[in-house]
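Quick notes on the structure that follows.
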Number of protein chains: 2
Amino acid sequence: MYKPKLEKDIRCPLEYGLDIFGGKWKSRIICVLAEKKVLRYSSLRKEMTNITDAVLATTLKELIADGIVQRQQFDEIPPKVEYCLTDKGRSVLPILQSICRWSGAYHRENSEYIHSQCQKCDYKCENSSD
Amino acid sequence: MYKPKLEKDIRCPLEYGLDIFGGKWKSRIICVLAEKKVLRYSSLRKEMTNITDAVLATTLKELIADGIVQRQQFDEIPPKVEYCLTDKGRSVLPILQSICRWSGAYHRENSEYIHSQCQKCDYKCENSSD
DNA sequence: CCAGTAACTATGAAATTAATGAGTAACTCA
DNA sequence: TGAGTTACTCATTAATTTCATAGTTACTGG
């Protein structure tokens, strides 16, 4: 059974925010959903190279519990479940973009940073072109 | 001896950025230094309630290696070392503020989030009043 | 009737991160 | 002489996060 971290609710806004889109997979899921709009569970897993079911399922639960991702279930056989960002989820995209821009300013010149397993770069950094 | 993570340099900007100010202590150190400008090691540890020497020392090394924090050593007895933010370090403050503002919009209404051990809230959230 | 599919869950191992507690050099102050 | 100070390091343990693998239900297509 999934147990939400109650402690999170008494943390400060900065920790609350970092908890929502920090970590290894959360920002990546948010970016993929931002790009593809709607994805079934299996398609999402294919987009996220190397993620395992256990991690994807629990990470999705956290994002849903935090109101970032919406889950819509269709009662069919075989099962069908669709995931997309909520308004709250879309509202974090400017923050992620600002992080990308900031990093780009310091990080871009001295290394290759776009590797094939990181879809969010292709999305984020091309779209933040002001 | 401290070994920098080379892998970080081939990651995408979003991961690079989250690595720099994510984690349990990094954003807190950045905020305290933003507020106090300059702090000796021992004062910094006092500001960060509950941090241990081992964690503070290695976290500082990471922030220094990432160019966020500057270390200045005075050859005195007893030893004296001062820490402050670099320009790059100060440039992350707007991002941290935007995270605070975002969180505040969603998080503020339903809980107490400022607790005594979180100095960065007092700093961050009062200063982001637009 | 057996393999395949979808969307998971459960379990244990591995890896990473953080915490604990002690120790160090070279002094100063009582 | 002996405790206190500073800015750490080191070794070990604990906690957290992630990975790897297998299993489940209720079907469908061959």
Side-chain angles (χ1 to χ4, degrees), chain A residues 1-8 11 15 18-29 32-33 38-66 69-84 117, chain B residues 1-8 11 15 18-29 32-33 38-66 69-84 117:
Chain A
M1 204 56 204
Y2 173 68
K3 52 165 177 42
K5 300 178 199 161
L6 289 178
E7 195 214 333
K8 179 162 57 185
R11 286 203 261 163
E15 284 172 342
L18 287 172
D19 201 64
I20 280 183
F21 52 80
K24 181 163 183 182
W25 296 108
K26 285 183 174 179
S27 65
R28 197 170 293 198
I29 290 173
V32 167
L33 283 177
V38 179
L39 284 174
R40 300 179 62 163
Y41 180 89
S42 52
S43 314
L44 192 49
R45 196 186 44 212
K46 272 170 214 139
E47 294 287 333
M48 320 282 306
T49 4
N50 293 334
I51 203 172
T52 61
D53 278 323
V55 174
L56 178 56
T58 59
T59 308
L60 279 173
K61 280 213 181 76
E62 287 173 24
L63 289 169
I64 291 163
D66 287 331
V69 166
Q70 193 184 356
R71 188 192 115 113
Q72 196 181 0
Q73 181 173 349
F74 301 86
D75 286 333
E76 303 173 3
I77 297 290
K80 178 176 173 182
V81 180
E82 285 183 348
Y83 295 93
C84 62
Q117 298 178 349
Chain B
M1 206 57 204
Y2 175 67
K3 52 165 178 41
K5 301 178 198 160
L6 289 178
E7 195 214 333
K8 180 161 58 184
R11 288 202 260 163
E15 283 171 344
L18 287 172
D19 201 63
I20 280 183
F21 51 80
K24 182 163 182 182
W25 296 108
K26 285 183 174 179
S27 64
R28 196 169 296 196
I29 290 173
V32 167
L33 283 178
V38 179
L39 284 174
R40 298 179 63 162
Y41 180 90
S42 53
S43 314
L44 192 49
R45 198 188 41 212
K46 270 170 214 140
E47 294 287 332
M48 320 281 308
T49 3
N50 292 335
I51 203 172
T52 59
D53 278 325
V55 174
L56 178 56
T58 60
T59 307
L60 279 173
K61 281 215 179 73
E62 287 173 23
L63 289 170
I64 291 163
D66 287 330
V69 166
Q70 194 184 355
R71 188 192 116 110
Q72 196 180 1
Q73 182 174 349
F74 302 85
D75 286 333
E76 303 173 2
I77 296 290
K80 177 176 174 183
V81 179
E82 286 184 347
Y83 295 92
C84 62
Q117 297 179 350

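Lettering of chains follows the sequences in order, A, B, ..., and the numbering in each one begins at 1.
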What is the distance from [atom1] of [X] to [atom2] of [N], rounded to the nearest Å?
X: B:Glu82; N: D:dC8; atom1: CD; atom2: P; value: 12 Å
X: A:Leu56; N: C:dA10; atom1: CG; atom2: C1'; value: 16 Å
X: A:Lys46; N: C:dA7; atom1: NZ; atom2: P; value: 9 Å
X: A:Trp25; N: D:dT17; atom1: CH2; atom2: C1'; value: 12 Å
X: A:Glu76; N: C:dC8; atom1: CD; atom2: P; value: 13 Å
X: A:Leu39; N: C:dC8; atom1: CG; atom2: C1'; value: 17 Å
X: B:Asp53; N: C:dT20; atom1: CG; atom2: P; value: 12 Å
X: B:Lys61; N: D:dC8; atom1: NZ; atom2: P; value: 7 Å

Under the side chain to side chain donor-acceptor pair (under 3.5 Å) test, which residues partner [X], sequence neighbours left out?
X: A:Tyr83; result: none
X: A:Arg40; result: none
X: A:Gln73; result: A:Arg71

With nearest nucleotides of DNA chain D determined for B:Leu60 and A:Thr52 from heavy-atom distances, which residue corresponds to the more 5′ nucleotide?
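This one resolves to B:Leu60.
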Let's see if you can work this out: which of D:dA7, C:dG21, C:dA7 has an atom nearest to the side-chain heavy atoms of B:Ser42?
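Of the options given, the side chain of B:Ser42 lies nearest D:dA7.
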Name the closest nucleotide to the A:Lys80 side chain, picking from C:dA7, D:dT18, D:dC10.
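Nearest nucleotide to the side chain: C:dA7.
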Hey, does A:Phe74 reach any base, or is it just sugar-phosphate, or nothing, if we go heavy atoms under 4.0 Å?
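Nothing, no heavy atom under 4.0 Å.
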Quick one: label A:Arg40 by what it contacts on the DNA or RNA (base, sugar-phosphate, nothing), any heavy atom closer than 4.0 Å.
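Sugar-phosphate contact only.
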Counting only side-chain N and O atoms of [X], is one of them less than 4.0 Å from OP1 or OP2 of [N]?
X: A:Tyr41; N: C:dT9; value: no
X: A:Arg71; N: C:dC8; value: yes
X: B:Lys24; N: D:dA15; value: no

In chain order, what residues pass the side chain to side chain contact (heavy atoms under 4.5 Å, CB included) check against B:Val55, with sequence neighbours excluded?
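For B:Val55 the side chain to side chain contact (heavy atoms under 4.5 Å, CB included) partners, ignoring immediate neighbours, are B:Trp25, B:Ile51, B:Thr52, B:Thr59.
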Which residues share a side chain to side chain contact (heavy atoms under 4.5 Å, CB included) with B:Ile77, sequence neighbours left out
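Partners of B:Ile77 by the side chain to side chain contact (heavy atoms under 4.5 Å, CB included) criterion come out as none, since no residue qualifies.
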Summarise how protein sits on nucleotides 25-30 of chain C as a single string, 5' to 3': B when a protein heavy atom is under 4.0 Å from the base, S for sugar-phosphate-only contact, - for no contact.
-SS---
Shortest non-hydrogen separation from B:Ile20 to B:Leu63 and the atoms involved:
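For B:Ile20 and B:Leu63, the tightest heavy-atom pair comes out as O-CD2, 3.8 Å.
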Can a donor-acceptor pair be found, under 3.5 Å and without considering hydrogens, that links the side chain of A:Lys26 to the backbone of A:Leu18?
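Looks like no, no N/O pair under 3.5 Å.
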